[in-house]
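Let me begin by presenting the structure, written as structure tokens, before commenting on it.
What you are looking at is a predicted structure, and each value in this text was computed from that prediction instead of being measured. Convention: sequence-line order gives letters A, B, ...; per-chain numbering from 1.
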Protein chains: 2
Amino acid sequence: MRRSATTSLGYALLGILLHKPSSGYEVRKIFSETPMGSFSDSPGAIYPALARLEERKLVRGSVDRGPGLRERKILRLTAAGRRDLRGWLTAPIERADVVSRMGELMLRFSFLDEGAGPAATLQFLQSLAAELQAYLPSVRAYFKNHAHEMPMSARLALASGVMGYEARLRWVKHAVSEYRKA
Amino acid sequence: MRRSATTSLGYALLGILLHKPSSGYEVRKIFSETPMGSFSDSPGAIYPALARLEERKLVRGSVDRGPGLRERKILRLTAAGRRDLRGWLTAPIERADVVSRMGELMLRFSFLDEGAGPAATLQFLQSLAAELQAYLPSVRAYFKNHAHEMPMSARLALASGVMGYEARLRWVKHAVSEYRKA
DNA sequence: AGTATCATGTAAGAGGTTACATGATTTT
DNA sequence: AAAATCATGTAACCTCTTACATGATACT
């Protein structure tokens, strides 16, 4: 019974706080006002998640009383927080990540530069390209073998999935070349 | 305190069972062996979910004892189940669906033909195209205004999101034309 | 005889959703 | 004075994850 690991939301918070130490309220605004991440901006999700990070000493809070505002708690990463984030960012990419956690992979990628540096970012992209290339044939094969027996909307939905993986792979290659330039 | 509605997993199960009445075990295999849906195939998720559907009388089970196999419980939709599924399938598409529940929209789409017929499917696609077209400018604007202040990996991740919406829109238009042919 | 597959569940714990609660400060 | 926004939280409920439990049948 290993003690529970940091969740996806936890890492999203760590990534945001690494970029810029913020209050819970500011993080909520990021979730509600920017297109990045599909996390809930509800206080019932965010404040308990921040409290867990604090309990585990991954972030530390300091009270800030700006000019004429209600006081707010600014959270920033500890050394342990940076380590935990970095561990998540640089974890090996597996088939299961590509199949059912692509959103989390993109979240990781968006933090990679700041959290682990350009070498790790490039490594991530190459590894992602490899996994996509390995996975794509099996989806294409599934499509080929089953498309004819599916209702039209199901077939089109599956085709959309295949196209999504292909588009992602093209994007990865584009990102690699952008990265090499810099 | 309204009694809790059917979940995404619940609707995935209803859609699968409408297509073909099945046992919990068969459904698990669908989740583990086909690229469709990113649902867990764990018994701890599926059996309780099926039990909830049965409690609510959306599905009914009948014991099947095939030739020389352990007996299994085949579940099929009731009239109430077909109604509930149809209500979900034909619900209006909102901004929030496009922003953070695209996976659920595609799941809905894949069941639409069988669950609500071709007219509803076409209506769904047109409505999705409209929402995408309305949403895209705001993401593009966000990208234009914030890309320069973001780390490279974050910028590339956001660009990937924009490209994803654009690709999805092209796919919707393609799907509409496929549908009109039939 | 032993391992793999078929088949259905339960229990404990963690985390998210929805709704409620509270109060300070700023804008109209 | 009222409404909006800033700001932080809690409580009840529900669902999912992980792990365990059980037993039948098929394959080697």
Do side-chain atoms of A:S127 reach the backbone of A:Q123 as a donor and acceptor pair under 3.5 angstrom? no

Strictly under 4.0 angstrom, non-hydrogen atoms only: write out the protein contact profile of nucleotides 2-7 of chain C, one letter per nucleotide from the 5' end, B, S or -. ----BB

Gap between atoms CD and P, on B:E55 and C:dG9 respectively (whole Å): 12 Å

Rounded to whole Å, CG of A:D41 lies from C1' of C:dG16 at a distance of 13 Å

Given atom CG of B:L13 and atom C1' of D:dT15, what is their separation to the nearest angstrom? 13 Å

Please report the distance, rounded to the nearest Å, between CD1 in B:I74 and P in C:dT8. 8 Å

Nearest-angstrom distance from the residue atom CZ of B:R101 to C1' of C:dT17: 12 Å

Spell out, yes or no, whether B:V59 and B:I74 are grouped together once hydrophobic residues are joined by side-chain heavy atoms under 4.5 Å, including indirect joins. no

For A:R52 and C:dG16, is the shortest distance between a side-chain N/O and OP1 or OP2 below 4.0 Å? yes

Identify, with sequence neighbours excluded, every residue that meets side-chain contact (heavy atoms from CB on, under 4.5 Å) alongside B:S177. none

What contact category does B:S42 fall into here, base, sugar-phosphate, or nothing, at under 4.0 angstrom with non-hydrogen atoms? base

Considering only residues two or more places apart or on different chains, which pairs with a residue in residues 139-166 of chain A satisfy side-chain hydrogen bond (donor to acceptor under 3.5 Å, both in side chains)? A:R140-A:E166, A:S160-B:R168

Residue mapping more 5' on DNA chain C - nearest nucleotide basis, A:P43 or A:G10: A:G10

Would you mind reading off the distance between B:F39 atom CZ and D:dC16 atom C1', rounded to a whole angstrom? 12 Å

Quick one: A:L75 CG to D:dG9 P, roughly how many Å, whole number? 9 Å

Between its two end axes (five pairs each) the helix from C:dA1-D:dT28 to C:dT28-D:dA1 turns, nearest 10 degrees, through 30°

Can you tell me which residue pairs pass the salt bridge (charged side-chain N to carboxylate O under 4.0 Å, His left out) test with a partner in residues 25-53 of chain B, sequence neighbours excluded? B:K20-B:E26, B:E26-B:R72

Test log, rule side-chain contact (heavy atoms from CB on, under 4.5 Å), inputs B:I93 and B:R108: CA-CA 11 Å; B:I93 296 174; B:R108 272 172 65 176; 4.2 Å; yes

Here the distance between atom P of D:dT8 and atom CZ of A:F31, to the nearest Å, is 15 Å

B:S100 side chain to B:A96 main-chain N or O, any donor-acceptor pair under 3.5 Å? yes

Partner residues of A:R60 under the side-chain contact (heavy atoms from CB on, under 4.5 Å) criterion, sequence neighbours left out: A:T78

Any idea how B:F31 and B:F39 line up, ring-wise: parallel (<30°), tilted (30 to 60°), or perpendicular (>60°)? tilted

